[in-house]
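This report concerns only the one structure given below.
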Amino acid sequence: MAEHRYDPKEIEPRWQRVWEQERTWEVDNELGAGETSYVLEMLPYPSGEPHIGHLKVYSVGDAVAHYHRRTGRRVLHPMGYDAFGLNAENHAIKTGQHPRDSTNAAIAAFQQQFREWGISIDWSREFATCDPEYYRWTQWIFLQLFEHGLAYRKDAVVNWCPQDATVLANEQVIDGRCERCGHEVEARQLEQWFFRITAYADRLLDDLDTIEWPEHVKTMQRNWIGRSTGAQVTFRCAELELDYAVFTTRPDTLFGATFFVMAPEHPDLERLTAGTGQESAVREYVNRALTESNETRGAADKPKTGVFLGRHVVNPVNGEAMPMYVADYVLMEYGTGAIMAVPGHDERDYAFAKAYDLPIRRVVEGTDPDGDEGGLPYTGDGPLVNSNPDFDGAHNRKALEEIVAWLAQEGKGSASTNYRLRDWLLSRQRYWGCPIPIVHCPACGTVPVPLDELPVMLPDVEDYAPKGRSPLAAAEDWVATACPRCDGPARRETDTMDTFVDSSWYFLRYTDPHNDQAPWDPAILARWAPVDQYIGGVEHAILHLLYARFFVKALADLGHLDVQEPFAKLFTQGMITKDGAKMSKTRGNVVSPQEIISRYGADTARTYILFIGPPDKDADWSDTGINGVADFLSKLWRLAAAAAEGPGSGAGMPKAPEGPGLDLVRAANVAVENVTSAMTGRFAFNAAIARVMELVNACSKEFNENGNRDPQALRYALGTAASLVFGFAPHVASDAYHLLTGKRVWEEPWPAADPRFLELPTFELVVQVNGKLRDRVPVARDASPEELKAIAHDAPHAKAQIDGREVVKEIVVPGKLVNIVVR
RNA sequence: GCCCGGGUAGCCCAAUUGGUCGAGGCAGUGGCCUUAAAAGCCAUGGUCCUGAAAGGACGUACGGGUUCGAGUCCCGUCCCGGGUACCA
């Protein structure tokens, strides 16, 4: 065997050339019969070079794609690039290089890596979201949404990142900071473009029940949408004859409302305080609150502060006058920017009431009336008290409905649902993005660019630097245009779209990527959509995954497609860490895929990444651990090469295996069985690889120690191992299989286990006494329970335990064990 | 605080429905081959009962429970990771 040396540097490019030249992984859109499968990994954002996380997603996705192909499905497995965005633009600002050039360089690096990794991609469908032929349709979709009122422009308080000099969507603000650069965001009043995602809140929430996604991702989306049901209740400020509505989830506690609080941003504060003597105190408080950072203001454990407005509102259920306050714990963005405060049954209101010595009233009886203040604040359920004779004694949940009905009847309120979800702010004051296809005309207003004039090309500019307005505004030739409606002088919209718009529909375009009449042909799309298996990182749990769902629903409503959800199944892969920490340049713990591949080959790198642990969990990279996988693949290849030169032919199962040959045939079939179940259930690739390692170890032992007593059985076992490992290590598996059989393993169906070889004629009977293992005895598989009992009693160590004691009970599990209970 | 994960050997991790805990790999130790090294191969691998063997006791974060039998189910606690939080 010494002359056989596993050389991935020779093997891998050789097979990559075959796949490339024969376009092995391309699929056409012929609408014939046959099961299809759409396997997709989240599209990469190309900057610099791919990192180890990319290697992981595509290793997982490729294993799935190959498995689907070999179980008889036509698999769509495309690739593209999320190519607009700030990285390229910031790079341009620094170097003066056009973002298109740096993006193209990064894309080239990604393409080359994906080829070196041997990922089975249909390259005929490749595109980048910055291609005009692609963003033409992004603009087309924008206009569809615009025509139907789902894209609109409004003046609003928005999140502004001073560092990136652009506005951000709510989803891009994490803990009050810019998701990209980490700079604290500010509130600014600006006119911006929005998508009306809130119109889909209920469907986005309810349809989560129809898709197979990890529960925690669904939970995150549910929380983000944040639907809560309750009532709008109107409170009147009698002094000024002004009405204020509040949203509450607890109208049952209305009788316990003892004061009223408004957000510092509330537009009516000046008006309310005028003439009360509280003007300056309120103004001062408001100024302080508004200049405070989101982070400090938002802290939950911050002591409650506020200022009396000098006015009162009337509680509609009992006519009581309630003092009005301004306090920063009330948010303008949620509900109506004002609340009724029920200190007896809300922790925040309670804290405020304590701080300002306001009355606290119990209106719901607690199940546990102990504790100070009688257990207030009490947020649980129970019968109402101190309310009014109509409701006292009724259970609060029941009373809630009755109170809402009563309010509605009196015209003082109504049932209401509130959402945390805000409309998606899509405009960005940046250069490297998809232009918004709108023209502003002094005569006609906001006018859409006609469809036949798309794409609105992104112009070249000299200066990309962000200035608080889009760099596009400087391209005067481009901005100045004629109004499509009246032909008068008009100006183009200069904001570009959030890159999340680009990635909200790319998976639709893959189905029909060269269509120049439409973004896709609905009949072709119907053949592939939805994506059967989507794979990516959890970090997109709300951003990308929510936006894509919204797009699909909106486009379905507009008649452009026929599915309600983009991704039927979702798999979120875990992060790869090094030394227990996230890889980063500053930490100096980055593992470069290129280095690993040039040292070990792509097969070893891919297989190790899958072997390191369950793919949905985080895993720590080990520089030594990878050796084990390298040895395994090397052993497989060397054995296959040696076996191929030896006696026998092909990799067929021997006719009537016996003795050592039978053992190998059995081992191979057990491996097939185990690997198949690891592939079909969760993606237990780590366990699957371990099973193939066992098989190869068995082959190695037979070959090296026992002199290859049944060469055909060895060929069969090694061929099976190569076949099973193909989805993880495609090059070495192809080569080993080809050496043995002259055939291409990817053209072979997924191996099926032969049940005849899965069960041995004997098994090891486990003998327990009082549940403790005492003996293991080989027994014929067809032994009767009576025989098993007898054998158990005779087993030496069991016997020693039983002797002299009373047998109380005997449990027999056929094919497994006997447990003798003694006293 | 709340909602999800997770805690098995020095390390990463396996273990259908409750039925032999420790598969597979890393690191370690011993050995074979070799002039030597590399490569390759084999063996070993929780703790305790004075060393080894045999045998036994204990052992899946901790404390209880259910069961003939618990890593797995139930109750309580601790630790680690993630998400989320003045959302009325």
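In the text below, chain A, chain B and the rest are named by the order of the sequence lines, each starting its count at 1. Everything numeric here is computed off the predicted structure, so don't read it as measured data.
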U47(B) - base-pair partner by Watson-Crick or wobble geometry, distances under 3.5 Å:
A57(B)

Rounding to the closest angstrom, what is the interatomic distance between C4(B) and C12(B) at atom C1'?
23 Å

Taking only N and O in the side chain of His797(A), is any of them less than 4.0 Å away from OP1 or OP2 of G55(B)?
yes

So which nucleotide from C21(B), A88(B), C26(B) ends up closest to the side chain of Thr624(A)?
C26(B)

Complement of C62(B), any strand, by Watson-Crick or G-U distances under 3.5 angstrom:
G76(B)

With Val307(A) via side chain to side chain contact (heavy atoms under 4.5 Å, CB included) - residues at least two apart
Gln278(A), Ala281(A), Val282(A), Tyr285(A), Val326(A)

Ring pair (Phe, Tyr, Trp, His ring centres under 6.0 Å) partners of Tyr608(A), counting only residues at least two apart
Trp621(A)

Which nucleotide wins on minimum distance to the side chain of Arg638(A), given the candidates C21(B), A88(B), C41(B)?
C41(B)

By the Watson-Crick or G-U definition, both distances under 3.5 Å, C26(B) is matched with G10(B)

Has the side chain of Arg691(A) got a donor or acceptor that lies under 3.5 Å from a partner of the other kind on the base of A23(B)?
yes

Say we look at U72(B) and U66(B): how far apart would their P atoms be, to the nearest angstrom?
15 Å

Which nucleotide, in any strand shown, forms a Watson-Crick or G-U wobble pair with U67(B), with both distances under 3.5 Å?
none

On a whole-Å scale, what distance lies between the C1' atoms belonging to A23(B) and U16(B)?
15 Å

What class does the angle between the rings of Tyr329(A) and Phe352(A) fall in, given that below 30° is parallel, 30 to 60° is tilted and above 60° is perpendicular?
tilted

Can you tell me how far C1' in G69(B) sits from the matching atom in G18(B), rounded to whole Å?
8 Å

Side chain of Val813(A) only, please: which of A88(B), G19(B), G24(B) is the nearest?
G19(B)

Checking side-chain contact (heavy atoms from CB on, under 4.5 Å) between Asn674(A) and each of Val672(A), Thr676(A), Val670(A), which is the one that passes?
Val670(A)

Taking for each residue the nucleotide of RNA chain B bearing the nearest heavy atom, is the 5' side occupied by Gly625(A) or by Ile811(A)?
Gly625(A)

Expressed in whole Å, how much space separates the C1' atoms belonging to C13(B) and G71(B)?
14 Å

C11(B) and C62(B), which share atom name P, separated by this distance in whole Å:
15 Å

Please determine if a side-chain N or O atom of Asn674(A) lies less than 4.0 Å away from the OP1 or OP2 oxygen of G24(B).
no

Is Thr219(A) near enough to G83(B) that one of its side-chain N or O atoms lies under 4.0 angstrom from OP1 or OP2?
no

RNA chain B contacts among residues 815-823 of chain A, heavy-atom distance under 4.0 Å:
Lys816(A), Leu817(A), Asn819(A), Val821(A)

Considering only heavy atoms and no angle criterion, is a donor-acceptor pair shorter than 3.5 Å present between the side chain of Lys304(A) and the base of C86(B)?
yes

Is Asn686(A) close enough to C12(B) that one of its side-chain N or O atoms is under 4.0 Å from OP1 or OP2 there?
no

Would you measure the distance from the C1' atom in G63(B) across to the matching atom in A70(B) and give it in whole Å?
15 Å

Assigned partner base of U17(B), Watson-Crick or wobble definition, under 3.5 Å
none

Could you tell me which residues satisfy side chain to side chain contact (heavy atoms under 4.5 Å, CB included) with Leu331(A), sequence neighbours excluded, listed by chain and number?
Arg297(A), Glu333(A)

Name the atoms and distances for all side-chain donor-acceptor pairs under 3.5 Å in residues 809-823 of chain A, with sequence neighbours left out.
residue: Glu810(A); atom: OE2; partner: His793(A); partner atom: NE2; Å: 2.3
residue: Asn819(A); atom: OD1; partner: Asn770(A); partner atom: N; Å: 3.4
residue: Asn819(A); atom: OD1; partner: Gly771(A); partner atom: N; Å: 2.9

Close N or O pairs between protein and nucleotides 57-60 of chain B (under 3.5 Å):
residue: A57(B); atom: OP1; partner: Arg774(A); partner atom: NH2; Å: 3.2
residue: A57(B); atom: OP2; partner: Arg774(A); partner atom: NH1; Å: 3.4

Counting only Watson-Crick pairs (N1-N3 plus N6-O4 or O6-N4) and G-U wobbles (N1-O2, O6-N3), all under 3.5 Å, who is the partner of G1(B)?
U84(B)

Quantified in whole Å, what is the P atom distance between nucleotide C21(B) and nucleotide C75(B)?
26 Å

For Ala690(A) and for Leu331(A), find the nucleotide of RNA chain B with the closest heavy atom, then tell me which residue's nucleotide is more 5'.
Ala690(A)

Go through A43(B), G25(B), A88(B) for me and flag the one nearest to the Lys701(A) side chain.
A43(B)

